[in-house]
Amino acid sequence: MPADRPLRIVLAEDSVLLREGLIGLLTRFGHEVVAAVGDADALVTAVGEHGPDVVVTDVRMPPGLHDEGLRAAVTLRAERPGLPVLVLSQYVQRAYAAELLDSGDGTGVGYLLKDRIGQVEEFVDALTRVAAGGTVVDPEVVRQLLRRRRDPLARLTPREREVLAQVAEGKSNGAIARTLVVSEAAVGKHIGSILTKLDLPLADDSHRRVLAVLAFLRA
């Protein structure tokens with residue numbers, strides 16, 4: 001999907017204030033919120049009725065206020081593997097991010113902390129990337145995981161871990177190269193080495209990148 005195309009969005013958020021704020025924000029950027037709902041059951045129904053370009057949903061939704069929004073997102077992606085979903089969470093929950101990335105066909109997924117909404121352009125850019133089939137993981141999730149011991153990633157060099165962290169944030173090779181001040185060719189070599197060291201199954205490059213991010217999240 002072209003980055004400049006207006007998106008048709010189904011929004012699920014139980015906080016009326018935040019929901020209305022998101023509607024206004026997304027509309028200001030030229031997108032259309034075709035349905036805005038306050039619980040997980042209504043989310044599933046709205047997706048069936050409207051067939052949106054992308055879903056934005058909170059993790060915790062009524063009636064239980066546990067992980068109903070995430071459960072609905074995973075169910076929707078099982079039924080519609082190509083459905084892009086951006087999940088919003090109040091706190092870092094590594095298991096939630098990993099489960100979301102496991103859903104559907106592994107593309108068009110995002111996991112962001114709600115604080116990211118305040119960085120408006122960054123949030124809208126992440127939504128656009130997810131709608132276009134990209135994978136976006138909140139930088140704070142990545143940072144917290146970098147502080148933990150990661151046995152599956154023990155074979156990676158410090159530079160390879162930096163590159164993988166950037167991949168987990170959904171960045172392209174060119175964007176990674178600019179961030180780390182290296183050539184794009186060097187980034188490509190690092191990613192090739194990462195995929196080899198993690199012993200990932202043969203697949204197209206984009207899917208292997210998703211598998212690498214999952215290895216990062218589970219470590």
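Model, not experiment: these values are computed from the prediction.
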Charged N to carboxylate O below 4.0 Å: is that the case for R116 and D138?
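So R116 pairs with D138 through a salt bridge.
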Hey, is R71 close enough to E68 for a salt bridge, meaning N to O under 4.0 Å?
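So R71 does not pair with E68 through a salt bridge.
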Ignoring hydrogens and angles, tell me if any N or O in the side chain of [X] forms a donor-acceptor pair with the backbone of [Y] under 3.5 Å.
{"X": "D39", "Y": "A42", "result": "yes"}
{"X": "K197", "Y": "R155", "result": "yes"}
{"X": "R8", "Y": "H50", "result": "yes"}
{"X": "H31", "Y": "L7", "result": "yes"}

For the pair L112 and V136, evaluate side chain to side chain contact (heavy atoms under 4.5 Å, CB included) and give the outcome as yes or no after the intermediate values.
CA-CA 8 Å; L112 291 181; V136 178; 4.0 Å; yes
Short side-chain donor-acceptor distance under 3.5 Å, E13 and T57
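Short answer, no.
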What heavy-atom pair brings [X] and [Y] nearest, and what distance separates the two atoms?
{"X": "S193", "Y": "E160", "answer": "OG-OE2, 2.7 Å"}
{"X": "A40", "Y": "G69", "answer": "CB-N, 4.4 Å"}
{"X": "V59", "Y": "S89", "answer": "CG2-CB, 3.9 Å"}

Side-chain contact test, heavy atoms from C-beta onward, threshold under 4.5 Å: evaluate it for V47 versus R80 and give yes or no.
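Touching, per the 4.5 Å side-chain cut-off.
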Not counting sequence neighbours, which residues clear side chain to side chain donor-acceptor pair (under 3.5 Å) with R19? List them please.
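Side chain to side chain donor-acceptor pair (under 3.5 Å) list for R19, sorted by chain: empty.
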Under a single-linkage definition using a 4.5 Å side-chain heavy-atom cutoff for Ile, Leu, Val, Met, Phe, Trp and Tyr, are M61 and V74 assigned to the same hydrophobic cluster?
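The answer is no; the residues belong to distinct hydrophobic clusters.
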Full working for salt bridge (charged side-chain N to carboxylate O under 4.0 Å, His left out) between R60 and D14:
CA-CA 8 Å; R60 297 184 177 184; D14 64 307; over 6 Å; no
